[in-house]
Structure formats: C-alpha cells, structure tokens
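Just so it is clear: chains get the letters A, B, ... in the order the sequence lines come, proteins before strands, and each one is counted from 1.
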Amino acid sequence: MPLDNIFAEMLERVRAANEALIAAGVLPSGIDQSRVTVEPPRDAAHGDMATNAAMVLAKDASRKPRDLAEMIAERLRADTLVDRVEVAGPGFINLTLRPAAWIDALQAALKLGGDYGRSDIGADMPVNVEYVSANPTGPMHIGHCRGAVFGDALANLLVFSGFKVTREYYINDAGVQVDLLARSAFLRYREALGENIGAIPEGLYPGDYLKPVGAALAAEYGDSLAKQSEVSWLPLVRDKAVVMMMAMIRADLAALNVKPDVFFSERSLIWGGEDQVGATIESLRQRGYVYEGRLPPPKGAPADDWEDREQMLFRSTAFGDDVDRPLKKSDGSYTYFASDIAYHRSKLERGFRELIDVWGADHAGYIKRMQAAVAALSDRSAGLDVKVVQLVKLLRAGEPVKMSKRAGEFVTLREVVDEVGRDAVRFMMLFRKNDAVLDFDLVKVLEQSRDNPVFYVQYGHARAQSVFRNARAAFADLPQDIAQLTGAADLARLSDPAELALMRQIALYPRVVASAAAAHEPHRIAFYLFDLASEFHALWTLGNASPHLRFIIQNDRQLTEARLVLVQGVATVLASGLALLGVEAPNEMR
RNA sequence: GCGCCCGUAGCUCAGCUGGAUAGAGCGCUGCCCUCCGAAGGCAGAGGUCAGGGGUUCGAAUCCCUUCGGGCGCGCCA
C-alpha cells in the first residue's frame with residue numbers, strides 16, 4: 001500500500017481510534033476532532049510522530065489527558081505501521097513507526113515521481129494571484145523582483161495543491177504616471193527628430209530606455225506630432241509608450257521565468273463609455289456602503305493644502321478599517337482606490353472566490369480598505385489575502401549597493417539576473433519569510449559552499465545524478481531509469497539510522513507542501529529543501545569515514561540497488577521542490 | 001497622533017497557525033581531514049524568545065501594555 005502522505009494517513013488512523021472509543025462509549029458522540037493533529041516531534045527521542053489527541057479531547061470527554069491517552073494508545077498499538085506507542089508529558093502519544101512504513105513512503109515517492117506531494121486539497125477552487133503590477137513606466141528594478149518571484153512560486157504551489165490558479169498582472173496605465181511617461185517619451189521623440197532637448201526636466205522619466213520609444217514614434221509619425229498640441233499627441237504617445245514599456249517588462253519577467261496568464265489594464269475599466277468604476281460604486285451604494293461626508297484631516301503628517309470638504313466615501317469602517325475612504329478626488333475624477341475596487345470586482349465577476357494580492361511593503365496600509373471592499377462587494381462570501389513582500393537590501397560582499405532612482409540609475413532586475421543567474425535570484429528571494437526584510441548579496445549567492453543555500457540544494461541534486469552515473473559505471477546493466485529499481489530492490493536493506501532519517505525527511509514533503517500552500521508561504525519549501533539536502537550530504541559524508549555506508553558497494557549489488565532507490569527518492573523530491581520554486585535542478589555543477 | 005510589519009544565540013535567520021528540554025548556518029573554541037567520495041567532518045561554549053501582564057492542561061506563537069526599528073497615513077499609483 002503506497003503511503004503518499006504518511007502523516008495524513010496516521011492522522012486518519014488516530015481519528016479512527018477515537019471513533020472506536022466513541023463506539024465503545026468512552027468518548028461522547030459528536031466530539032470535535034478538528035483540533036487533533038499528528039506532527040513530527042521536535043525531539044527525536046519522542047519518536048517519529050506525536051499526536052495531541054488526548055489533550056485536545058480530554059475536556060469534552062471529562063477525563064484526564066493521560067488516562068485518555070493510554071486508551072487511545074492501546075488502540076494504536078494494534079496498528080500495522082506502528083512499532084511503539086508511548087504516552088508522555090502532559091498527554092502526548094508518541095508513535096514510533098516500523099521501518100517498513102518509511103520504506104512504503106519512499107516507494108510512494110518514487111512511484112509518483114513528479115506528482116509526489118501533489119494534492120487535491122484545493123478542490124479546483126479558482127484562485128487569482130495578482131503580483132508585481134509595476135507601473136508601466138520603465139524597466140523592472142530589483143524591488144519588483146521579490147514580489148514577482150514570490151507570486152509565481154505561490155501560484156506554482158497552489159496549482160500543485162489542486163487549486164485552479166490564474167496569474168495576473170495589473171497594468172496601472174490610467175493615472176498621472178503614464179501621462180508623465182508620455183511627456184518623457186515625447187521629449188525623446190523630439191530628440192529623435194534631431195532636436196537638442198537638453199536635460200530631462202525634474203519629475204519626468206530620464207532613463208535612456210525611452211529613446212527607442214522616441215525613435216519608434218519618429219519612424220511612425222515623422223515630425224507630424226511635433227506640430228500638434230499636447231491634447232492631441234498625448235494619447236498617441238502614451239499608448240505607444242505603454243505598449244513598449246509592457247513589452248520590456250514582459251521580457252524582464254521572462255528573464256525570471258515569470259509568465260502571467262492575464263495582463264489586466266486599468267484603463268480597460270473605463271473604456272468605450274463603459275464606466276465599470278461608476279458601476280462598481282453604484283453597486284456599493286445599493287448595499288449602503290457609499291455616502292457623502294467629511295473626513296478628519298490626517299494627523300502627524302500635516303497637509304498644508306488640506307481642504308475640508310464633503311466627498312464621496314466608502315464605508316470601509318463597516319469592515320474593520322480605521323476610517324472611511326474617498327472614492328473621488330476634488331476634481332471629480334475617481335481615486336486610485338475606486339478603480340482598484342472596480343478591478344477587484346472584475347476578479348469576483350470572473351468567478352474567483354479566493355483572491356491573493358502580492359504587494360510591496362509601502363502598500364501595507366492599504367490592506368484593510370481593499371479587504372473591506374472585497375468583503376462588501378461579495379457580501380462577505382469571498383476572501384482577499386494580501387501578502388506583503390518586504391524590501392530587498394542589495395549587497396555586494398557585505399557592502400550595500402547604491403541604488404538611487406534619480407537619473408534612472410536604479411539597479412534593474414535584468415542587471416542582477418545577468419550577473420548572478422535566474423536560479424540564485426529566485427531561490428534567495430524565497431529563502432526568507434515574505435514579511436521580513438531580505439539581504440541579497442551578489443557575491444555570496446555565487447559561493448560554492450554550505451553558506452550558500454542555492455548552491456547547496458542544487459548540488460544535492462547534481463550529486464545524486466553523479467551517484468547514478470558512477471553506479472552505471474560500476475554495474476553496466478543497471479536500468480537507465482533508476483526508478484525501475486523500485487519494485488525489484490530489497491529496500492529492507494536500508495536500515496542504517498542515517499538512511500532512515502533520510503526516508504523520514506522524504507516522507508515529510510507532502511506535509512510541507514500542504515502547509516506551505518495553506519499558509520501561502522512558499523519559503524517553507526525552500527527551507528525544507530535545504531534540510532533535505534543537508535541530510536543527503538550528511539549521509540554522503542558518512543561514506544568517507546565508513547566505506548560500508550557508501551551508496552555504491554562493488555560486491556553487493558542488492559544493497560547498491562536499495563541505496564540507489566533512496567538516492568532517487570532524494571533527487572525526486574529535490575527536483576519537485578525546486579520546480580515549485582522555479583529553480584533548475586541541475587545534473588552536474590559547473 | 002493613528003494603523004500595519006518586525007524584534008528569537010555575537011551575526012543572518014527558521015520555528016510546521018498553541019505542544020514536550022527553543023533550532024540551523026556563519027562566527028568563536030578544541031580536535032580530525034585536506035590521495036576529486038572535491039566544493040570538509042566531529043565536538044563544545046553561547047538564550048530572561050525586547051520588557052511586563054493576561055488567556056489555559058501548555059505561549060516564541062493568541063490578547064493587552066511599554067520600549068526599540070521599519071513602512072504608511074484624502075486630491076500618488
């Protein structure tokens with residue numbers, strides 16, 4: 001029987017034991033088992049797994065935790081997977097599994113291959129993951145990078161867990177920023193016509209990347225635009241510039257292997273006389289969440305131009321926000337928030353019940369109002385989870401890399417990817433919790449040592465492949481596909497504690513994937529892979545001092561085959577996890 | 001002033017949504033290895049989980065509060 005998720009399996013068995021106790025009248029019927037868990041204990045002396053069942057159920061059962069634990073333990077002792085059961089501490093039930101259980105788990109991993117760890121807990125629920133959403137006003141810089149990688153990896157994780165995922169990029173192409181972009185591009189256009197434009201004025205975009213836009217405009221329109229007034233050339237120039245900027249951004253994303261399914265234009269919300277923003281406000285108004293009123297002036301950050309006025313407000317305080325939020329500016333146009341509500345309404349109308357937004361740290365103050373809006377629009381039936389990714393501090397051998405946005409001299413994403421490679425960037429962006437500030441050292445990520453987790457994990461996979469190459473040299477008739485050994489090999493030969501430890505680590509993978517997906521925390525995969533690689537390298541190292549623990553034993557083909565299966569298990573999981581992170585699993589290190 | 005995030009070993013950080021005696025890497029100390037099974041190994045020291053209070057069988061984790069750091073606070077997006 002394959003154990004594709006041994007922890008989930010044991011949880012079922014613990015619950016079954018409790019059901020038996022209900023049938024026996026020891027536990028009251030209808031008792032809530034939802035808080036019962038089966039976890040790997042921190043301390044290996046406590047066995048392979050521990051369940052809190054007795055402690056969680058004790059109160060409802062009106063029994064002492066330890067007494068109840070003994071009764072549950074008695075049932076579990078009969079389990080075929082279980083070797084030893086002990087009641088410990090305040091009422092933990094510690095389980096030690098038979099080696100055969102871990103062997104079953106290893107076999108399941110190999111049988112499933114790239115599908116090991118995959119689950120259907122998402123039940124095909126449509127989830128929208130919106131990430132990056134950088135303004136289309138220039139190339140992506142390193143600050144955008146983390147959100148892009150995070151969103152992409154999270155999407156991978158959710159797909160793997162059975163959700164129906166749409167990856168989405170929101171193009172902010174409707175505000176003042178893109179008008180500034182158009183004016184900047186217009187200067188480059190005049191420059192392309194031969195005019196000396198001098199220095200780019202303060203407030204416009206100075207970067208050289210707009211020169212091709214100017215050249216393209218000159219090629220397309222000749223000097224005709226130069227004679228027109230701004231009102232007539234601006235829309236043309238803006239559209240051209242946005243299209244070319246988006247092409248650049250797509251290319252930047254592609255360098256990271258990030259490929260959104262949908263690029264959603266903010267301006268499309270108000271195209272062709274169809275005012276979706278107005279419709280959205282109307283829909284909120286019908287629900288009673290829009291009113292005309294006054295706001296208190298913001299404290300602490302005194303605005304000299306504060307004007308106390310009656311304005312159109314969204315009652316976000318009805319959903320836990322601190323203050324109601326304006327929907328229209330003083331000139332009567334919609335606020336960014338208003339169109340953002342309309343955008344999120346579009347997501348709801350497209351059938352998504354679970355929305356995930358990935359934002360930069362500077363937008364954190366925006367979360368409550370957006371969640372309020374989603375709750376209001378969906379009558380609380382849909383959820384919005386906002387993942388805030390914190391700043392990336394770029395270092396070179398410990399020294400901060402200067403990045404000033406002025407004069408366009410920011411560090412672009414492309415520069416970084418070109419310097420250290422996509423894999424290093426992607427892995428390191430995920431080797432930290434999203435809400436913690438991240439140090440990214442351009443020198444360290446290229447080191448070939450244990451200090452560098454990217455290297456260490458990839459090397460684990462490469463080393464496994466190297467074992468197979470050497471094994472084929474030693475035993476010429478080994479099958480090309482090592483996984484074919486799974487059925488034939490006598491895995492009971494894997495009995496060394498270090499080998500069992502590795503099997504336990506492999507068995508943990510589906511559990512890690514499930515919890516990372518549920519928590520929307522892809523970094524857990526990265527840390528898990530580092531642990532798995534560490535265990536694997538440790539076993540390899542044991543072979544130095546103890547040749548009988550090497551993977552390839554010349555005069556014992558049977559043992560070699562068993563160990564190759566174990567190594568294949570490691571390689572399978574490393575490759576799977578790296579794929580979730582969007583990082584290559586190399587066959588050799590160069 | 002208010003809101004959000006963070007505060008865990010000298011440093012950089014994990015800690016599986018409340019579990020048992022809080023972990024890893026680096027650095028430090030002491031041994032070993034340094035014939036490509038190369039891109040090191042073993043052991044050790046090192047903690048008031050920022051401080052205080054609360055919730056309960058049980059708190060680094062949840063709540064309140066104080067301190068320290070970061071981000072933000074109509075008419076930018």
Asks: Within the pair Lys64(A) and rC57(B), is there a side-chain N or O less than 4.0 Å away from OP1 or OP2?
Replies: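 Looking at the OP1 and OP2 atoms of rC57(B), neither is under 4.0 Å from any side-chain N or O of Lys64(A).
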Asks: Is Trp540(A) stacked on the base of rG37(B), with ring centres under 5.5 Å apart and planes under 30° apart?
Replies: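 It does: the two rings, one from Trp540(A) and one from rG37(B), meet the stacking criterion.
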Asks: Base, sugar-phosphate alone, or nothing: which one does Pro40(A) contact when heavy atoms must sit under 4.0 Å apart?
Replies: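 If one applies the 4.0 Å heavy-atom cut-off, Pro40(A) turns out to touch a base.
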Asks: Lys347(A) and Glu168(A): salt bridge (Lys or Arg N to Asp or Glu O under 4.0 Å), yes or no, with the steps?
Replies: CA-CA 10 Å; Lys347(A) 294 184 192 178; Glu168(A) 193 151 319; 5.5 Å; no
Asks: Is the closest side-chain donor-acceptor distance between Asp357(A) and Tyr170(A) under 3.5 Å?
Replies: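 Checked: Asp357(A)/Tyr170(A) side chains show no N/O donor-acceptor pair below 3.5 Å.
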Asks: Return the value, rounded to whole Å, for the distance between atom CG of Leu391(A) and atom P of rG72(B).
Replies: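 After rounding, the gap between these two atoms is 9 Å.
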Asks: Phe527(A) side chain: which of rC6(B), rA14(B), rG19(B) is closest?
Replies: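 The listed nucleotide nearest to Phe527(A)'s side chain is rA14(B).
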Asks: Measure CZ/Arg511(A) against C1'/rC16(B) and give the value in whole Å, please.
Replies: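 Between C1' of rC16(B) and CZ of Arg511(A): 6 Å.
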Asks: Give Val437(A) one of three labels, base, sugar-phosphate or nothing, depending on what nucleic acid heavy atoms sit under 4.0 Å from its own.
Replies: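 Sugar-phosphate contact only.
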Asks: Distance check, C1' atoms only: rU29(B) and rA9(B), in whole angstrom units.
Replies: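 Per the computed distance, 16 Å lies between those C1' atoms.
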Asks: For rC16(B) versus rG72(B), give the span between their C1' atoms, rounded off to a whole number of Å.
Replies: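 31 Å, rounded to whole Å.
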Asks: Under the criterion of centre distance below 5.5 Å and interplanar angle below 30°, is Phe92(A) classified as stacked on the base of rA20(B)?
Replies: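 Yes; centroid distance and tilt both under limits.
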Asks: If only side-chain N and O atoms of Arg42(A) are considered, is one of them under 4.0 Å from the OP1 or OP2 phosphate oxygen of rA20(B)?
Replies: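 Yes, such a contact exists.
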Asks: Let me know the distance between CZ of Arg469(A) and P of rG37(B), rounded to the nearest Å.
Replies: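 It works out to 13 Å between those atoms.
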Asks: Once you apply a heavy-atom cut-off of 4.0 Å, does Pro90(A) come out as touching a base, just sugar-phosphate, or nothing?
Replies: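 If one applies the 4.0 Å heavy-atom cut-off, Pro90(A) turns out to touch a base.
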Asks: Would you mind calling rU17(B) syn or anti? Take O4'-C1'-N9-C4 for purines or O4'-C1'-N1-C2 for pyrimidines, and syn is within 90° of 0.
Replies: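 Syn.
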Asks: Over how many whole Å does the gap from Tyr205(A) atom OH to rC76(B) atom P extend?
Replies: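 Going from OH in Tyr205(A) over to P in rC76(B) covers 13 Å.
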Asks: Expressed as a whole number of angstroms, how long is the span from Trp359(A):CH2 to rC4(B):C1'?
Replies: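 It works out to 12 Å between those atoms.
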Asks: Assign Ile367(A) to base, sugar-phosphate, or nothing according to its heavy-atom contacts below 4.0 angstrom with the strands shown.
Replies: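 The answer is nothing, as Ile367(A) stays clear of every strand by at least 4.0 Å.
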Asks: For a quick check of understanding: with a heavy-atom distance under 4.0 Å over all strands, which category does Glu266(A) fall into, base, sugar-phosphate or nothing?
Replies: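 The residue Glu266(A) makes sugar-phosphate contact but no base contact.
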Asks: OP1, OP2 of rG15(B) versus side-chain N and O of His523(A): anything below 4.0 Å?
Replies: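 Checking rG15(B) against His523(A), a side-chain N or O does come within under 4.0 Å of OP1 or OP2.
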Asks: Give the rounded distance in Å between these two atoms: CG of Asp531(A) and C1' of rG25(B).
Replies: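 Checked: the CG to C1' distance equals 11 Å.
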Asks: Quickly work out the Leu68(A) CG to rC57(B) P distance and round it to whole Å.
Replies: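 Going from CG in Leu68(A) over to P in rC57(B) covers 15 Å.
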Asks: How is Tyr528(A) classified with respect to the nucleic acid when contacts are heavy atoms under 4.0 Å: base, sugar-phosphate, or nothing?
Replies: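 No contact.
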Asks: Taking rA22(B) as the reference, what is the distance to rA45(B) when you measure between their P atoms (whole Å, please)?
Replies: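 Result for the P pair: 14 Å, nearest Å.
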Asks: Between Asp362(A) and Ser333(A), who's closer to the 5' end of RNA chain B by nearest nucleotide?
Replies: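 Of the two residues, Asp362(A) wins.
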Asks: Just to confirm, is there a sub-4.0 Å distance from OP1 or OP2 of rG70(B) to any side-chain nitrogen or oxygen of Lys393(A)?
Replies: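 No, no such contact exists.
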Asks: rC5(B) and rU65(B): how far apart are their P atoms, nearest whole angstrom?
Replies: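 Straight-line distance between the two P atoms is 14 Å.
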Asks: Return yes if a side-chain donor-acceptor contact under 3.5 Å exists between Ser576(A) and Tyr116(A), otherwise no.
Replies: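 On atom types as modelled, these side chains do not qualify, holding no pair under 3.5 Å.
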Asks: When you get a sec, tell me which of rA39(B), rC76(B), rC57(B) is the closest nucleotide to the side chain of Met589(A)?
Replies: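 For the Met589(A) side chain, the nearest candidate turns out to be rA39(B).
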Asks: Does NZ or CZ of Arg511(A) come closer than 6.0 Å to the centre of the six-membered ring of Phe7(A), within 45° of the ring's axis?
Replies: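 The answer is yes; both the distance and angle limits are met.
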Asks: Does either side chain, that of Gln177(A) or that of Thr137(A), offer a donor lying less than 3.5 Å from an acceptor on the other one?
Replies: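 There is no such pair (donor and acceptor under 3.5 Å, judged by atom type) between the side chains of Gln177(A) and Thr137(A).
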Asks: Does Gln448(A) reach a base, just sugar-phosphate, or nothing at all? Heavy atoms under 4.0 Å.
Replies: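 Base contact.
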Asks: Would you indicate, yes or no, if rC13(B) has its OP1 or OP2 atom less than 4.0 angstrom from a side-chain nitrogen or oxygen of Arg432(A)?
Replies: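 Yes, within the criterion.
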Asks: Using atom C1' of each nucleotide, how far apart are rG7(B) and rC76(B) to the nearest Å?
Replies: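 The same atom, C1', in both gives a distance of 31 Å.
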Asks: By nearest atom, which of the nucleotides rA77(B), rU17(B), rA24(B) is closest to the Phe530(A) side chain?
Replies: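 Of the options given, the side chain of Phe530(A) lies nearest rA24(B).
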Asks: Taking atom P of rG23(B) as reference, at what distance in whole Å does atom CD of Glu535(A) sit?
Replies: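 Between P of rG23(B) and CD of Glu535(A): 16 Å.
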Asks: Using a cut-off of less than 4.0 Å, is there contact between a side-chain N or O of Lys368(A) and OP1 or OP2 of rG3(B)?
Replies: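 The answer is no; no side-chain N or O of Lys368(A) sits under 4.0 Å from OP1 or OP2.
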Asks: Output all residues satisfying ring-ring contact (aromatic ring centres under 6.0 Å, His included) with Tyr456(A), sequence neighbours left out; order by chain, then residue number.
Replies: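 Partners of Tyr456(A) by the ring-ring contact (aromatic ring centres under 6.0 Å, His included) criterion, ordered by chain and then number, come out as Phe530(A), His537(A).
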Asks: Any luck finding a side-chain donor-acceptor pair between Ser515(A) and Arg524(A) under 3.5 Å?
Replies: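 Side-chain D/A pair, Ser515(A) to Arg524(A): present.
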Asks: Looking at Lys433(A), I'd like to know whether one of its side-chain N or O atoms comes within less than 4.0 Å of OP1 or OP2 on rC6(B).
Replies: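 It does not, given that no N or O in the side chain of Lys433(A) lies less than 4.0 Å from OP1 or OP2 of rC6(B).
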Asks: Just to be sure I understand the rule, does Tyr366(A) reach a base, reach only the sugar-phosphate, or reach nothing, if contact means heavy atoms closer than 4.0 Å?
Replies: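 The answer is base, as Tyr366(A) lies within the cut-off (heavy atoms under 4.0 Å) of a base atom.
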Asks: Could you work out the separation of rG30(B) and rG70(B) based on their C1' atoms and round it to a whole Å?
Replies: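 41 Å, rounded to whole Å.
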Asks: Go through the N and O atoms of the side chain of His363(A) and the base of rA77(B), and report whether any donor-acceptor pair is under 3.5 Å.
Replies: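 Flag set: donor-acceptor pair detected.
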Asks: Taking the six-membered ring for Trp and the single ring otherwise, decide whether the centroids of Tyr131(A) and Tyr169(A) are under 6.0 Å apart.
Replies: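 Ring centroids of Tyr131(A) and Tyr169(A) are no less than 6.0 Å from each other.
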Asks: What interatomic distance, in whole Å, is found between C1' of rG23(B) and the corresponding atom of rC63(B)?
Replies: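 Pairwise C1' distance, rC63(B) against rG23(B), rounds to 27 Å.
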Asks: Between rC57(B), rC5(B), rA77(B), which one does the side chain of Lys329(A) approach most closely?
Replies: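 For Lys329(A), the side-chain atoms sit closest to rA77(B).
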Asks: Suppose you measure atom C1' in rG53(B) against the same atom in rG1(B); what distance do you get, rounded to whole Å?
Replies: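 Approximately 25 Å lies between the C1' atom of rG53(B) and that of rG1(B).
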Asks: What parts of residues 513-520 of chain A reach RNA chain B, counting only heavy atoms under 4.0 Å away?
Replies: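 Heavy-atom cutoff 4.0 Å gives Ser515(A), Ala519(A).
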Asks: Ignoring hydrogens and geometry beyond distance, is the side chain of Arg309(A) in donor-acceptor contact with the base of rC75(B) at under 3.5 Å?
Replies: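 Donor-acceptor pair under 3.5 Å: no.
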Asks: Would you indicate what Phe431(A) reaches in the nucleic acid, counting non-hydrogen atoms under 4.0 angstrom: base, sugar-phosphate, or nothing?
Replies: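 If one applies the 4.0 Å heavy-atom cut-off, Phe431(A) turns out to touch nothing in the nucleic acid.
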Asks: Would Asp60(A) and Arg35(A) count as a salt bridge (Lys or Arg N to Asp or Glu O under 4.0 Å) here? Give the steps.
Replies: CA-CA 12 Å; Asp60(A) 288 345; Arg35(A) 290 172 61 218; over 6 Å; no
Asks: So among Leu284(A), Asp324(A), Thr335(A), which one has a side-chain contact (heavy atoms from CB on, under 4.5 Å) with Phe314(A)?
Replies: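 Of the listed residues Leu284(A), Asp324(A), Thr335(A), the side-chain contact (heavy atoms from CB on, under 4.5 Å) partner of Phe314(A) is Leu284(A).
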Asks: If you take atom types as modelled and just measure distance, does the side chain of Asn94(A) reach the base of rA20(B) with a donor-acceptor pair under 3.5 Å?
Replies: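 Indeed there is one.
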Asks: Quick check on rA39(B): is either OP1 or OP2 less than 4.0 Å from any side-chain nitrogen or oxygen of Arg463(A)?
Replies: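 Looking at the OP1 and OP2 atoms of rA39(B), one of them is under 4.0 Å from a side-chain N or O of Arg463(A).
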Asks: Give Ala50(A) one of three labels, base, sugar-phosphate or nothing, depending on what nucleic acid heavy atoms sit under 4.0 Å from its own.
Replies: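 Result for Ala50(A) = base.
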Asks: Let me know which of Arg563(A), Arg557(A), Glu561(A) forms a side-chain contact (heavy atoms from CB on, under 4.5 Å) with Leu559(A).
Replies: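 Exactly one candidate clears the test, Arg563(A).
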Asks: Asp331(A) near the nucleic acid: base, sugar-phosphate alone, or nothing, with a heavy-atom cut-off under 4.0 Å?
Replies: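 The answer is nothing, as Asp331(A) stays clear of every strand by at least 4.0 Å.
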